Asks: 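My structure is below; once you've seen it, I'll send some questions.
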Amino acid sequence: MSIDWDSLESFSDWSDTLNQLLKQVEAALKSGDIAQRTAVQGLLSDFCSHSPDRLAAQLDVIARQTMDDMLNKAIDEALSSIASRSADLAMHAKVISAVAESAERRAASIRLDKAKQVIDSTTSTIVSLTGLRQALGEGVDDKVVVAKIDKAVKAIQDLVPLVIRVKGPAADAR
């Protein structure tokens with residue numbers, strides 16, 4: 001809407017113009033179009049700038065209050081949108097956190113399964129090596145093998161407590 005401010009002479013002219021602007025404000029707010037809102041706010045500001053104080057001071061107050069109301073509505077809408085996005089963010093953060101915790105539990109379970117497999121395997125190996133050691137005779141060659149078996153069994157026995165304590169990086173971070 002283009003307004004010829006110089007053509008407005010009477011209080012009635014200024015009042016009618018403000019009334020038309022208020023209808024534009026209503027349409028702009030209903031449309032939600034930011035460009036339309038900005039344009040009508042500009043016209044309200046121009047109205048206040050061009051209106052003569054002697055005729056339209058009270059109309060200027062209405063125009064300024066309308067601009068304030070439009071600004072407050074825009075702020076309320078923005079805050080509402082931000083609150084909605086914050087709620088969405090919190091929900092997504094919870095989902096990601098739950099997935100991460102589940103993955104950590106599964107990783108810890110996998111590490112424990114592997115540790116159990118190692119312990120079971122080492123126990124079986126110790127039993128087998130001990131059986132072999134007992135089956136060997138007292139010959140010179142057998143003594144070398146027996147010493148190596150004893151050394152291997154000792155090394156495996158030293159390894160088992162370390163494997164039992166395996167937690168992995170996810171467990172250490174807690």
Side-chain angles (χ1 to χ4, degrees), residues 1-123 158-174:
M1 172 179 178
S2 177
I3 300 172
D4 180 9
W5 301 109
D6 294 329
S7 70
L8 305 175
E9 296 177 2
S10 68
F11 180 83
S12 179
D13 292 341
W14 287 100
S15 177
D16 290 345
T17 301
L18 181 58
N19 197 26
Q20 290 174 0
L21 290 175
L22 292 177
K23 288 178 184 176
Q24 286 185 22
V25 166
E26 188 177 342
L29 291 175
K30 284 181 182 177
S31 76
D33 182 4
I34 293 174
Q36 191 175 355
R37 285 182 182 186
T38 303
V40 76
Q41 281 179 313
L43 288 172
L44 286 168
S45 179
D46 290 346
F47 178 91
C48 292
S49 298
H50 288 92
S51 65
D53 288 338
R54 60 180 169 71
L55 285 179
Q58 293 147 348
L59 299 178
D60 287 350
V61 169
I62 293 170
R64 284 189 186 93
Q65 287 173 342
T66 302
M67 286 188 293
D68 289 345
D69 291 343
M70 290 180 75
L71 178 61
N72 288 336
K73 182 167 176 61
I75 290 170
D76 288 344
E77 289 172 356
L79 290 174
S80 177
S81 293
I82 290 167
S84 173
R85 285 187 208 107
S86 295
D88 288 347
L89 175 61
M91 180 195 64
H92 290 303
K94 273 186 171 180
V95 168
I96 296 299
S97 178
V99 168
E101 286 176 18
S102 175
E104 284 180 22
R105 282 193 302 274
R106 279 188 247 140
S109 175
I110 290 168
R111 282 189 300 277
L112 290 175
D113 287 347
K114 293 292 182 189
K116 184 181 178 309
Q117 287 174 355
V118 168
I119 290 170
D120 290 346
S121 177
T122 56
T123 302
D158 290 345
L159 177 63
V160 169
L162 299 174
V163 171
I164 290 172
R165 288 186 290 212
V166 167
K167 295 177 187 172
D172 290 339
R174 289 184 211 161

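In this text the structure is predicted, and so the values were computed from the model without any measurement.
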Asks: Assess whether side chain to side chain contact (heavy atoms under 4.5 Å, CB included) is satisfied between Gln36 and Val40, documenting all intermediate values.
Replies: CA-CA 6 Å; Gln36 191 175 355; Val40 76; 5.9 Å; no

Asks: Decide yes or no on side chain to side chain contact (heavy atoms under 4.5 Å, CB included) for Thr17 and Leu59, but give the supporting numbers first.
Replies: CA-CA 10 Å; Thr17 301; Leu59 299 178; over 6 Å; no

Asks: Evaluate the side-chain proximity of Val160 to Val118: yes if any heavy-atom separation is below 4.5 Å, no if none is.
Replies: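 Contact flag for Val118/Val160 side chains = no.
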
Asks: With a 4.5 Å cut-off on side-chain heavy atoms, are Leu112 and Ser109 touching?
Replies: no

Asks: Hey, what do you get for OG (Ser49) to CG (Leu43), rounding to the nearest 0.5 Å?
Replies: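 One gets 11.0 Å once the value is rounded to the nearest 0.5 Å.
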
Asks: Test salt bridge (charged side-chain N to carboxylate O under 4.0 Å, His left out) on Lys73 and Asp69 and set out the steps.
Replies: CA-CA 6 Å; Lys73 182 167 176 61; Asp69 291 343; over 6 Å; no

Asks: If we only count heavy atoms from C-beta on, is the Lys23 to Gln20 side-chain gap below 4.5 Å?
Replies: no

Asks: Measuring from Leu29:CG to Glu77:CD, what's the distance to the nearest 0.5 Å?
Replies: 7.5 Å

Asks: Got Ile3 and Leu21 here, is their nearest side-chain heavy-atom distance under 4.5 Å?
Replies: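 Yes, close enough: below the 4.5 Å cut-off.
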
Asks: Over 60° means perpendicular and under 30° means parallel, so classify the ring planes of Trp14 and Trp5, tilted if in between.
Replies: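 Rings of Trp5 and Trp14: parallel, as their planes differ by under 30°.
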
Asks: Donor-acceptor pair, Ser15 side chain versus Phe11 backbone, under 3.5 Å?
Replies: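 A pair under 3.5 Å: no.
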
Asks: Looking just at side-chain N and O atoms, do Arg106 and Ser102 make a donor-acceptor pair shorter than 3.5 Å?
Replies: yes

Asks: Do the non-hydrogen side-chain atoms of Glu101 and Ser97 ever get within less than 4.5 Å of each other?
Replies: yes

Asks: At what distance, to the nearest 0.5 angstrom, does CD of Glu26 lie from OG1 of Thr66?
Replies: 11.5 Å

Asks: Working to the nearest 0.5 Å, report the span between CG of Asp33 and OG1 of Thr38.
Replies: 8.5 Å

Asks: With distance as the sole test, does Ser86 use its side chain to make a donor-acceptor pair with the main-chain N or O of Ile82 at under 3.5 Å?
Replies: yes

Asks: Counting only heavy atoms from other residues, nucleotides and ligands, does the tally under 6.0 Å from CG of Leu79 exceed 12?
Replies: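 Enclosed.
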
Asks: If you measure from OG on Ser12 to CG on Asn19, what distance do you get to the nearest 0.5 Å?
Replies: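 Here the rounded value is 10.5 Å.
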
Asks: Do Asp120 and Lys116 meet the salt-bridge criterion of a basic N to acidic O distance under 4.0 Å?
Replies: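 Here Lys116 pairs with Asp120 in a salt bridge, since their nearest N and O are under 4.0 Å apart.
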
Asks: Between the main-chain N or O of Gln41 and the side-chain N or O of Ser45, is there a donor-acceptor pair closer than 3.5 Å?
Replies: no

Asks: CG of Asp53 to SG of Cys48: how many Å apart, nearest 0.5 Å?
Replies: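 Reported to 0.5 Å precision, the distance equals 10.0 Å.
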
